[in-house]
Amino acid sequence: MSQDASTPSRPVPITDPATAPFWKAASQGELSLPRCADCRRVHYYPRAVCPHCGSESLSWETLSGRGTIYSWTVSRRPAGAGFKPYVPYVVALIDLNEGARMLSNVRTDDVDSVAIGQAVRVDFEDMAEDIALPVFRPA
């Protein structure tokens with residue numbers, strides 16, 4: 001969804017050294033997350049230490065962008081003025097095929113059709129220069 005100059009904008013994510021590779025990949029249309037070299041698990045949200053085993057030995061991996069809906073809710077009231085054009089919108093926990101669970105939005109014209117276990121695929125919405133937001137759509 002594009003916004004014109006009169007529409008308040010959504011908050012833009014702030015990048016830091018731990019999240020910069022995530023946002024750079026997203027701006028290039030790829031979903032990339034850290035994988036731990038010790039326990040081999042992928043994790044979301046990006047951070048400098050593996051939340052599963054505490055290792056600092058991480059590398060970035062481009063993922064398939066496919067997954068299934070673990071849980072979801074429909075927001076029928078905007079979380080701020082910048083979200084008003086999106087109401088109603090789906091906020092979901094997505095179980096990625098590579099093992100991480102990710103919080104995101106599911107973009108669909110029929111919010112009542114969203115279901116637990118539904119297959120989804122990643123898509124990207126441009127938010128600002130060099131910032132794209134990963135969102136999901138029914139697969």
Side-chain angles (χ1 to χ4, degrees):
M1 168 172 276
S2 62
Q3 296 178 333
D4 62 36
S6 66
T7 304
S9 62
R10 294 178 291 173
V12 176
I14 297 170
T15 62
D16 60 32
T19 63
F22 175 81
W23 295 113
K24 181 177 180 182
S27 73
Q28 297 169 350
E30 296 178 345
L31 183 61
S32 184
L33 289 176
R35 181 179 294 277
C36 177
D38 293 328
C39 73
R40 302 297 306 148
R41 293 176 72 180
V42 175
H43 64 268
Y44 177 83
Y45 63 94
R47 55 202 122 170
V49 175
C50 176
H52 306 291
C53 72
S55 174
E56 295 179 18
S57 183
L58 306 173
S59 61
W60 286 84
E61 182 175 310
T62 299
L63 307 181
S64 69
R66 297 196 170 273
T68 58
I69 295 174
Y70 173 79
S71 185
W72 60 279
T73 189
V74 175
S75 182
R76 298 185 189 279
R77 297 180 118 182
F83 295 92
K84 190 173 183 178
Y86 300 90
V87 172
Y89 56 89
V90 176
V91 179
L93 287 170
I94 309 295
D95 281 342
L96 299 172
N97 288 358
E98 292 81 4
R101 182 170 287 160
M102 183 174 178
L103 181 66
S104 188
N105 293 113
V106 175
R107 298 289 190 235
T108 178
D109 292 333
D110 183 8
V111 296
D112 296 321
S113 70
V114 174
I116 291 172
Q118 182 176 13
V120 291
R121 62 174 172 75
V122 75
D123 195 7
F124 297 90
E125 291 180 0
D126 292 332
M127 293 189 72
E129 187 176 331
D130 296 328
I131 296 286
L133 183 68
V135 297
F136 288 81
R137 297 190 187 281

N/O donor-acceptor pair under 3.5 Å between Asn105 side chain and Val90 backbone: yes
Within one Ile-Leu-Val-Met-Phe-Trp-Tyr cluster: Val122 and Leu63, side-chain cutoff 4.5 Å: yes
Residues forming a side-chain hydrogen bond (donor to acceptor under 3.5 Å, both in side chains) with Ser55, sequence neighbours excluded: Asp38
For Leu58 against Cys50, the heavy-atom pair lying closest together: CD2-CB, 4.0 Å
Transitive ILVMFWY side-chain link Val135 to Val74, under 4.5 Å: yes
Side chain to side chain contact (heavy atoms under 4.5 Å, CB included) involving Ala139 - partner list, sequence neighbours excluded: Arg66, Ala119
Tell me which donor-acceptor pairs under 3.5 Å the side chains of residues 109-118 have, and how far apart each pair is, sequence neighbours excluded?
| residue | atom | partner | partner atom | Å |
| --- | --- | --- | --- | --- |
| Asp110 | OD1 | Asp112 | N | 3.3 |
| Asp112 | OD1 | Arg76 | NH2 | 3.4 |
| Ser113 | OG | Asp110 | O | 2.7 |
| Gln118 | OE1 | Ala115 | N | 3.0 |

Exercise: identify the closest heavy-atom pair between Ala92 and Ile69: CB-CG2, 4.4 Å
Pairs meeting criterion salt bridge (Lys or Arg N to Asp or Glu O under 4.0 Å) with involvement of residues 39-53, two or more places apart: none
Step-by-step side-chain contact (heavy atoms from CB on, under 4.5 Å) determination, Thr15 to Ile131: CA-CA 9 Å; Thr15 62; Ile131 296 286; 4.0 Å; yes
Counterpart residues, side-chain hydrogen bond (donor to acceptor under 3.5 Å, both in side chains), relative to Ser64 (two or more places apart): Glu98
By side chain to side chain contact (heavy atoms under 4.5 Å, CB included) - contacts of Ala18 (at least two apart): Asp16
Without placing hydrogens or testing angles, list every side-chain donor-acceptor pair under 3.5 Å for residues 24-31, not counting sequence neighbours.
| residue | atom | partner | partner atom | Å |
| --- | --- | --- | --- | --- |
| Ser27 | OG | Lys24 | O | 2.7 |

Hydrophobic cluster membership, Leu93 vs Trp72, 4.5 Å side-chain cutoff: no
For Asn97, all residues meeting side-chain hydrogen bond (donor to acceptor under 3.5 Å, both in side chains), sequence neighbours excluded: none
Separation of His43 NE2 from His52 NE2 (nearest 0.5 Å): 7.0 Å
Heavy-atom closest contact (Gly54 atom, Val49 atom, distance): O-CG1, 3.3 Å
All side chain to side chain contact (heavy atoms under 4.5 Å, CB included) counterparts of Pro46, not counting sequence neighbours: Thr19, Phe22, Leu33, Pro34, Tyr44, Trp60
Non-hydrogen atoms of Glu125 and Tyr86 that approach each other most closely: OE1-CE2, 4.4 Å
Considering all heavy atoms, the nearest Arg77-Val87 contact: C-CG2, 4.0 Å
With Thr73 via side-chain hydrogen bond (donor to acceptor under 3.5 Å, both in side chains) - residues at least two apart: none
Atom pair CG/CZ of Leu133 and Phe124 - distance to nearest 0.5 Å: 9.0 Å
Minimum side-chain heavy-atom gap Tyr89-Arg107 below 4.5 Å: yes
Those residues that, when tested against Asp95, pass side chain to side chain contact (heavy atoms under 4.5 Å, CB included) (two or more places apart): Thr68, Tyr70, Arg101
Side chain Ser104, main chain Pro134, donor-acceptor under 3.5 Å: yes
Smallest separation among heavy atoms of Pro11 and Met127, with atom names: O-CE, 3.1 Å
Distance (rounded to the nearest 0.5 Å) between Ile94 CD1 and Phe136 CZ: 5.5 Å
Side-chain heavy-atom pair Tyr45, Pro51 within 4.5 angstrom cut-off: no
